[in-house]
Amino acid sequence: MVRHRLHAGCAAALLLLAAACARPVAEDATKPDPLFGLGDREIFTVTAEQLQRDFHVLVRLPRSYRESDRAYPMVFLLDGGILFPMLSPFQLMMEAERSAGEVIVVGISYGGLGYSNGNLRGTDYTAPSDEVEYFGGVHAYQDFLADELLPRLQRDYRIDPARRVLLGQSLGGQFAIHAALTRPELFTTYVAVNPAIHANPAYFMDLETVRGDPPTRLVLAIGSEDDPRYSGPAAEWIDARQESDDPGLELEVLPLPGAHHATSAPRAYFDVVRRIAPPEEATPES
């Protein structure tokens, strides 16, 4: 399996970052931005008609976006309230040291952590389960993305339709697997980081692939230190899929040595983004 590491020296990386941050953005350059590492960003709220709930959408635009007319790859992050502020500055660092090209980063957030704060990831990201009563909202959430949010993003931003990535971690990884098998047209690559299918493994064993053209690309990023409660069922599912030789699915396992369940996303992100936006696509000013 292909693995990548950051080889740039700390001093060189900091110099490149300083040069990147010195470049003015389209916003008012006289107004301090304490979170400048998050980049040129837009935030808006959408009310999902099918779900009758609000979602907060976070969009980080490439530094060259407002000065160009080209389309960019998109990485769509589930659990955006956590992963967007984690990975947006990471994307800046990748661009600054020219280890990857530019992408539009989109995160979708519930606006809080826990069910009491309206965070229904345990329903929206999951397939039905005999063990967990509140699981099972995955189809409705997929419809919301397909019918409401993704068309709006494609309309309002210059997104390359041939390079759209979904990244989900844990239960978000369960969603990534489910969407890859049942809605292959939504994204061109699905990334499941330490997917948690422990409460409904039989469902996924029986789930058939809806064939796309070309075959759906699904990357399973697996941390070596993931909790066996999650890694065991995921490994069994991977083995079964590999043995079945499913022609509708291009399955790749990306090992993450030393990575744990909840902290593997940056390493998976780095590997996948450099492929859809290779270093040679980095702007000379980065």
Side-chain angles (χ1 to χ4, degrees), residues 43-58 75-87 106-153 164-187 190-210 216 218 220-221 226-227 229-234 237 261-262 264-265 268:
I43 302 175
F44 60 91
T45 300
V46 296
T47 299
E49 294 181 6
Q50 301 176 64
L51 300 174
Q52 291 299 298
R53 286 187 272 125
D54 288 345
F55 294 90
H56 307 282
V57 182
L58 320 166
V75 181
F76 188 93
L77 306 173
L78 300 176
D79 290 313
I82 294 174
L83 292 185
F84 184 88
M86 177 192 297
L87 296 176
V106 178
I108 183 165
S109 172
Y110 290 96
L113 189 64
Y115 263 62
S116 61
N117 291 314
N119 190 322
L120 303 185
R121 67 190 298 275
T123 297
D124 293 336
Y125 296 170
T126 58
S129 167
D130 293 334
E131 299 179 23
V132 184
E133 181 180 358
Y134 54 80
F135 271 26
V138 66
H139 290 289
Y141 193 78
Q142 287 179 172
D143 288 343
F144 156 61
L145 295 184
D147 300 337
E148 300 180 53
L149 183 54
L150 290 177
R152 174 172 175 174
L153 291 171
R164 303 200 312 186
V165 175
L166 169 76
L167 186 147
Q169 179 170 276
S170 192
L171 288 182
Q174 177 176 152
F175 181 89
I177 293 175
H178 193 278
L181 270 58
T182 63
R183 299 298 294 268
E185 77 281 3
L186 298 183
F187 297 89
Y190 295 81
V191 184
V193 184
N194 296 325
I197 59 171
H198 57 295
N200 46 13
Y203 177 95
F204 283 91
M205 285 293 187
D206 295 337
L207 190 60
E208 296 183 359
T209 303
V210 174
T216 306
L218 173 61
L220 278 297
D226 190 12
D227 188 326
R229 178 167 65 119
Y230 306 119
S231 62
W237 183 83
H261 181 74
S264 298

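To the nearest 0.5 angstrom, Asp79 atom CG is 8.0 Å from Leu171 atom CG. Between Ile43 atom CD1 and Leu58 atom CG the span is 5.5 Å, to the nearest 0.5 Å. The structure places CD of Glu208 at 12.0 Å from OG1 of Thr182, a figure rounded to the nearest 0.5 Å. The structure places CD1 of Ile177 at 5.0 Å from CG of Leu220, a figure rounded to the nearest 0.5 Å. Between the OG atom in Ser109 and the CG atom in Leu83 there is a gap of 10.5 Å [rounded to 0.5 Å]. Atom NE2 of residue His198 and atom OH of residue Tyr230 lie 5.0 Å apart, to the nearest 0.5 angstrom.
Under the 4.5 Å side-chain criterion, counting only non-hydrogen atoms from C-beta, Phe175 is not in contact with Arg121. Side-chain contact between Leu186 and Phe76 is absent, with no heavy atoms from C-beta onward closer than 4.5 Å. For the pair Ile108 and Phe55, the minimum side-chain heavy-atom distance is below 4.5 Å.
Aromatic ring pairs are classed by plane angle as parallel below 30°, tilted from 30° to 60° and perpendicular above 60°; the pair Tyr125 and Tyr141 is perpendicular.
Closest heavy-atom contact between Leu218 and Ala180: CD1-CB, 4.2 Å. A pairwise comparison of heavy atoms in Asn119 and Gly112 identifies ND2-O, 2.9 Å as the closest pair. Taking every heavy atom of both residues into account, Pro233 and Ile197 meet most closely at O-CD1, 3.8 Å. Closest non-hydrogen pair, Gln169 versus Ser264, comes out as OE1-N, 3.9 Å. Of all the heavy atoms in Thr216 and Pro184, the pair that sits closest is OG1-CB, 3.0 Å. Taking all atoms of both residues into account, the shortest heavy-atom contact from Ala268 to Ala221 is CB-CB, 3.7 Å.
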Inset, instruction - Please assess Asp143 against Arg183 for the test side-chain contact (heavy atoms from CB on, under 4.5 Å), listing each intermediate value before the final yes or no. - result: CA-CA 9 Å; Asp143 288 343; Arg183 299 298 294 268; 3.0 Å; yes
Inset, instruction - Evaluate the side-chain contact (heavy atoms from CB on, under 4.5 Å) criterion for residues Arg152 and Val57: first the C-alpha distance (whole Å), next the side-chain angles of each, then the deciding distance (0.1 Å), finally the verdict. - result: CA-CA 11 Å; Arg152 174 172 175 174; Val57 182; over 6 Å; no
Inset, instruction - Test Gln142 against Leu145 for side-chain contact (heavy atoms from CB on, under 4.5 Å), laying out the working first. - result: CA-CA 5 Å; Gln142 287 179 172; Leu145 295 184; 5.8 Å; no
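For the pair Gln174 (side chain) and Ala196 (backbone), a donor-acceptor distance under 3.5 Å is present. Of the possible polar contacts, none joining the Gln50 side chain to the Ala140 backbone as a donor-acceptor pair under 3.5 Å is found.
Residues passing the side-chain hydrogen bond (donor to acceptor under 3.5 Å, both in side chains) test with Asp226, sequence neighbours excluded: His261. Annotation: side chain to side chain contact (heavy atoms under 4.5 Å, CB included) contacts of Ala176 (sequence neighbours excluded): Leu166, Ala192.
Under the side chain to side chain contact (heavy atoms under 4.5 Å, CB included) rule, Phe144 has a single partner from Asp124, Leu150, Val46, which is Val46.
Counting only N and O atoms by type, the side chains of Thr123 and Tyr115 include a donor and acceptor under 3.5 Å apart.
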Return all side-chain donor-acceptor pairs below 3.5 angstrom for residues 131-139, not counting sequence neighbours, or 'none' if the list is empty.
none

